[in-house]
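Notes for the one structure printed next.
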Amino acid sequence: MHLVITLLILAVGPTQAQTPNAQDLARRIQAHYDTVNTFSAQFTQSYADGLFKSGGAEKGELKLKKPNRFRMVYTDPERKVFVADGSKLYSHFPADKLGTIQDLPKDGEGSTALLFIAGRGSLVNDFDAAMAGKQVDGEWQLVFTPRRRQAEFKTLTLMVDRSTLALRGYAWTDHDGGTTTTRLSDLRENVPVADSEFTLKFPPGTHIEK
């Protein structure tokens with residue numbers, strides 16, 4: 001009998017991993033992410049408006065340090081730099097010789113999806129979680145809907161490795177139905193990241209808007 005069962009298993013092939021409960025997975029992701037204070041990764045980002053892709057993919061490097069500090073440098077096809085130092089957000093568009101400085105939203109105010117990833121808020125306490133309708137082999141995709149309306153996004157989807165729960169990417173849907181998807185590669189968790197990475201000095205000749 002055991003031989004028959006073994007042969008049946010081999011004939012059918014490996015079973016798919018059972019889809020976890022969304023709230024339980026959210027708690028596990030939060031527990032893992034609570035142990036991650038810094039990370040760095042390469043990224044590829046694309047945008048879709050619900051009907052077709054708008055432009056090609058953008059590439060660059062992302063560095064993050066909790067709380068509320070990140071550096072996102074787009075290198076291809078056009079250089080752009082976004083830096084949050086914990087209190088302000090700096091943006092630099094070298095091709096236009098333009099820079100902007102904005103206050104980061106305070107606790108309780110609307111925030112960006114990237115700030116949530118940078119340690120703003122809790123996936124368990126601030127969001128309702130649901131498994132994405134379509135899953136990808138080797139990862140879980142979990143859709144988070146904020147319980148308090150966010151100005152920058154309607155939903156936030158996290159893609160995590162099924163074994164380690166390390167972040168593989170994230171996507172946010174805006175209130176117009178567009179979706180920005182960021183895929184990560186060469187992710188390194190809890191690597192040393194100097195505080196100087198989260199400062200930005202505009203080159204001479206940059207027009208700065210505040």
Side-chain angles (χ1 to χ4, degrees), residues 30 33-47 58-123 125-127 144 146-158 167 169-176 178-184 186-210:
Q30 183 69 60
Y33 206 57
D34 284 344
T35 70
V36 178
N37 295 312
T38 67
F39 76 69
S40 67
Q42 303 297 311
F43 72 83
T44 300
Q45 189 174 90
S46 59
Y47 174 80
E58 298 181 285
K59 298 180 180 181
E61 182 180 37
L62 172 64
K63 293 183 179 180
L64 181 148
K65 189 172 188 176
K66 295 178 181 176
N68 301 329
R69 286 176 286 179
F70 63 80
R71 182 182 187 90
M72 195 168 192
V73 180
Y74 292 76
T75 56
D76 184 44
E78 180 179 327
R79 184 174 176 83
K80 296 180 291 186
V81 182
F82 300 91
V83 175
D85 65 2
S87 61
K88 293 187 180 296
L89 173 64
Y90 302 83
S91 306
H92 184 213
F93 307 91
D96 299 323
K97 296 184 178 180
L98 175 65
T100 66
I101 304 175
Q102 300 171 289
D103 290 331
L104 289 182
K106 298 178 181 179
D107 290 340
E109 297 178 348
S111 188
T112 67
L114 194 51
L115 279 176
F116 275 103
I117 295 173
R120 171 71 63 87
S122 165
L123 297 175
N125 297 329
D126 299 331
F127 293 85
F144 293 92
R147 293 172 181 168
R148 176 179 295 176
R149 188 183 189 278
Q150 301 298 313
E152 299 293 332
F153 67 97
K154 186 176 181 180
T155 63
L156 171 65
T157 299
L158 297 186
L167 189 64
Y170 56 93
W172 70 86
T173 300
D174 59 39
H175 294 282
D176 295 323
T179 300
T180 301
T181 301
T182 303
R183 280 288 181 176
L184 304 178
D186 192 25
L187 174 70
R188 294 179 294 169
E189 296 178 334
N190 291 322
V191 295
V193 180
D195 289 342
S196 59
E197 294 280 3
F198 308 103
T199 61
L200 179 61
K201 293 183 178 180
F202 297 108
T206 302
H207 174 70
I208 302 174
E209 297 179 352
K210 297 182 179 181

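The model shown is predicted, which means the values in this text are computed figures rather than measured ones. Counting begins at 1 with the first residue of the sequence.
- Atom CZ of Arg188 is separated from atom CD of Gln42 by 8.5 Å, given to the nearest 0.5 angstrom.
- Between the OG atom in Ser40 and the CG atom in Leu62 there is a gap of 8.5 Å [rounded to 0.5 Å].
- Glu58 is listed as a side-chain neighbour of Pro77, based on a closest heavy-atom distance under 4.5 Å.
- For Thr38 (side chain) and Val191 (main-chain N/O), a donor-acceptor pair under 3.5 Å exists by modelled atom type.
- A donor-acceptor contact shorter than 3.5 Å is absent between the side chain of Arg148 and the backbone of Asp126.
- Side-chain N or O atoms of Asn190 include one that pairs as donor or acceptor with a backbone N or O of Asn37 at under 3.5 Å.
- Nearest heavy-atom pair across Ala118 and Leu64 is CA-CD1, 3.5 Å.
- Under a 3.5 Å cut-off, the side chain of Asp176 and the backbone N or O of Gly178 do not form any donor-acceptor pair.
- Contacts of Tyr74 classified as ring-ring contact (aromatic ring centres under 6.0 Å, His included), with partners at least two apart in sequence or in another chain: Phe43, Phe82.
- The structure places CG of Leu89 at 11.0 Å from CG of Asn68, a figure rounded to the nearest 0.5 Å.
- Distance alone, capped at 3.5 Å, places no donor-acceptor pair between the Glu189 side chain and the Val36 backbone.
- Other residues, nucleotides and ligands contribute over 12 non-hydrogen atoms within 6.0 Å of the NZ atom of Lys80.
- Of all heavy-atom pairs spanning Thr181 and Ala171, the tightest one is OG1-CB, 3.7 Å.
- Taking the ring-ring contact (aromatic ring centres under 6.0 Å, His included) definition, one finds that Phe144 meets it with Phe127, sequence neighbours left out.
- In this structure, the separation between NE2 on His92 and NZ on Lys97 is 10.0 Å, given to the nearest 0.5 Å.
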Could you list the donor-acceptor pairs under 3.5 angstrom formed by side chains in residues 196-210, with sequence neighbours left out?
unit_1: Glu197; atom_1: OE2; unit_2: Lys63; atom_2: NZ; d: 3.0
unit_1: Thr199; atom_1: OG1; unit_2: Ser196; atom_2: O; d: 2.9
unit_1: Thr206; atom_1: OG1; unit_2: Pro203; atom_2: O; d: 2.7

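- With values rounded to the nearest 0.5 angstrom, Asn125 atom CG is found 7.5 Å from Gln30 atom CD.
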task: Would you check, one step at a time, whether the test side chain to side chain contact (heavy atoms under 4.5 Å, CB included) holds for Thr179 with Thr157?
output: CA-CA 10 Å; Thr179 300; Thr157 299; over 6 Å; no
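- For Lys154, the NZ atom sits in a loose shell: 12 or fewer heavy atoms of surrounding residues, nucleotides or ligands are nearer than 6.0 Å.
- Shortest non-hydrogen contact noted between Gly60 and Thr75 is CA-OG1, 3.7 Å.
- With rounding to the nearest 0.5 angstrom, the CD1 atom of Ile117 is 6.5 Å from the CZ atom of Phe39.
- Here the closest heavy-atom approach between residue Glu152 and residue Trp172 is recorded as O-CD1, 4.1 Å.
- Nearest approach of Asp195 to Lys65, heavy atoms of both residues: OD1-NZ, 2.7 Å.
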